[in-house]
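Just below is one structure, and these are the notes that go with it.
What you see is a predicted model, and the numbers here were worked out from it, not measured in a lab.
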Amino acid sequence: MNNLIESTYALRILWGYIKNKIEIYNLKYLVLPLIYLTIILLVVPESNPVVTQITYTKLDSYLTINVTHEEKIEYILTKYNLSKYQFKVLCGIVLSEAQANSYEDAYAVINTIYNRTHSKSWVKYINNRYGKDKGENLYYQSIAPNQFTVYQSGRYQKNMNNTKSVGYDAIIDFLYTEEVMHNYLSFRSHSIKIKNSESFSNRGNNYFNTLKETNRI
């Protein structure tokens with residue numbers, strides 16, 4: 001602060017001297033603009049963070065950026081290394097295992113498949129079945145033998161193009177945000193009672209077998 005006061009005082013003294021000389025030689029119309037510009041450059045910092053830096057908060061991004069379903073899907077395909085066909089199969093399986101008209105149900109099912117891609121034991125199992133690095137792929141986890149009955153029976157096909165349901169929205173929302181609802185690895189139909197299981201919607205599946213931290217990738 002003292003340095004700033006001393007600098008300002010010195011500039012004022014310098015300015016008074018220069019102004020006096022300008023008036024004597026009647027050069028004010030030529031020199032004055034140059035003097036003002038020089039003083040501004042001396043006083044004002046090279047960069048003004050208030051002006052040159054703009055910080056966008058999370059709220060700003062929601063208010064100003066409207067991401068379409070199509071853009072989210074393109075992001076999901078790239079992020080999870082899925083083809084469009086594989087994504088359709090994945091959605092068909094999730095919607096058939098859940099209540100397609102229940103957002104929570106579909107969200108919980110895709111969350112389960114996602115959890116398996118982070119489980120050492122499940123990843124190892126799928127890698128042994130389909131090849132290296134397949135265990136961390138949502139598609140291969142969803143088509144694993146004797147896991148999701150709707151795939152084994154072929155019933156998933158009726159929901160492969162079901163893009164109008166809230167369940168489809170739930171799949172996209174989960175994969176786009178990765179906001180986890182639970183850490184379960186398995187579920188059974190709501191009609192099958194399982195000890196210490198949990199459900200997330202009316203008549204939804206019962207979830208059990210949590211992903212232990214020691215088993216997490």
Side-chain angles (χ1 to χ4, degrees), residues 69 72-73 76-77 79-80 82-130 134-217:
H69 256 28
K72 288 181 179 180
I73 291 171
I76 289 168
L77 295 180
K79 181 177 182 179
Y80 298 98
L82 297 168
S83 68
K84 290 184 178 179
Y85 173 76
Q86 290 174 334
F87 180 68
K88 283 187 175 183
V89 171
L90 177 64
C91 290
I93 292 171
V94 172
L95 294 177
S96 299
E97 288 287 355
Q99 300 176 68
N101 290 321
S102 169
Y103 185 95
E104 293 78 8
D105 235 15
Y107 200 99
V109 172
I110 187 62
N111 195 155
T112 301
I113 299 173
Y114 171 85
N115 288 345
R116 291 187 179 189
T117 65
H118 289 76
S119 163
K120 293 177 183 177
S121 54
W122 274 103
V123 167
K124 181 179 179 181
Y125 168 68
I126 298 300
N127 283 344
N128 291 336
R129 180 79 186 187
Y130 294 107
K134 295 297 189 293
E136 296 182 37
N137 187 287
L138 294 165
Y139 170 75
Y140 289 99
Q141 286 288 352
S142 68
I143 66 170
N146 304 316
Q147 293 307 311
F148 301 106
T149 57
V150 296
Y151 180 74
Q152 313 302 324
S153 67
R155 286 190 290 119
Y156 74 97
Q157 296 177 25
K158 69 178 182 179
N159 278 311
M160 281 181 63
N161 295 302
N162 184 0
T163 60
K164 302 299 182 182
S165 69
V166 295
Y168 182 74
D169 294 338
I171 296 171
I172 293 176
D173 287 347
F174 176 82
L175 295 179
Y176 188 74
T177 65
E178 284 192 358
E179 293 184 2
V180 174
M181 173 191 281
H182 63 76
N183 65 340
Y184 293 107
L185 293 168
S186 305
F187 62 83
R188 293 288 184 272
S189 170
H190 72 278
S191 60
I192 302 176
K193 303 302 179 183
I194 301 172
K195 186 178 180 180
N196 297 325
S197 65
E198 185 175 358
S199 61
F200 298 95
S201 64
N202 183 36
R203 295 177 62 80
N205 295 302
N206 292 316
Y207 292 79
F208 63 100
N209 186 21
T210 58
L211 172 60
K212 307 296 183 184
E213 288 304 314
T214 54
N215 189 34
R216 186 185 294 274
I217 294 177

So [X] and [Y], would you call those rings parallel, tilted or perpendicular, with 30° and 60° as cut-offs?
X	Y	value
Y114	Y80	perpendicular
W122	Y125	perpendicular
F174	Y107	perpendicular

Are [X] and [Y] side-chain neighbours, meaning at least one heavy-atom pair lies under 4.5 Å?
X	Y	answer
V89	Y156	yes
V109	I171	no
Y85	M160	yes

Shortest non-hydrogen contact from [X] toward [Y]:
X	Y	answer
S102	V166	N-CG2, 3.9 Å
I113	S142	CD1-CB, 4.1 Å
A144	Y130	CA-OH, 4.0 Å
Q152	I143	NE2-O, 4.2 Å
Q99	G204	NE2-N, 3.6 Å
G167	L95	C-CD2, 3.5 Å

To the nearest 0.5 Å, how far apart are [atom1] in [X] and [atom2] in [Y]?
X	Y	atom1	atom2	answer
F187	T112	CZ	OG1	5.5 Å
N205	S197	CG	OG	10.5 Å
L82	I76	CG	CD1	8.5 Å
L90	L175	CG	CG	6.5 Å
T117	L138	OG1	CG	5.5 Å
E97	R155	CD	CZ	7.0 Å

What residues form a side-chain contact (heavy atoms from CB on, under 4.5 Å) with R129, not counting sequence neighbours?
-> P145
Can a donor-acceptor pair be found, under 3.5 Å and without considering hydrogens, that links the side chain of [X] to the backbone of [Y]?
X	Y	answer
E198	N206	no
N115	Y184	yes
R116	L185	yes
E104	A170	no
S189	I192	no
D105	S201	no

Quick check: are there more than 12 heavy atoms from other residues, nucleotides or ligands sitting under 6.0 Å from NZ of K134?
-> yes
Could you pull out all residues at least two apart from K79 that satisfy salt bridge (charged side-chain N to carboxylate O under 4.0 Å, His left out)?
-> E178
Salt bridge (charged side-chain N to carboxylate O under 4.0 Å, His left out) involving R216 - partner list, sequence neighbours excluded | E213
Any donor-acceptor pair under 3.5 Å linking the side-chain atoms of [Y] with those of [X]?
X	Y	value
S119	N215	yes
H69	D169	yes
Y103	D173	yes

Test applied, side chain to side chain contact (heavy atoms under 4.5 Å, CB included); reference residue, N111; option that passes from N183, V180, V94 = V180
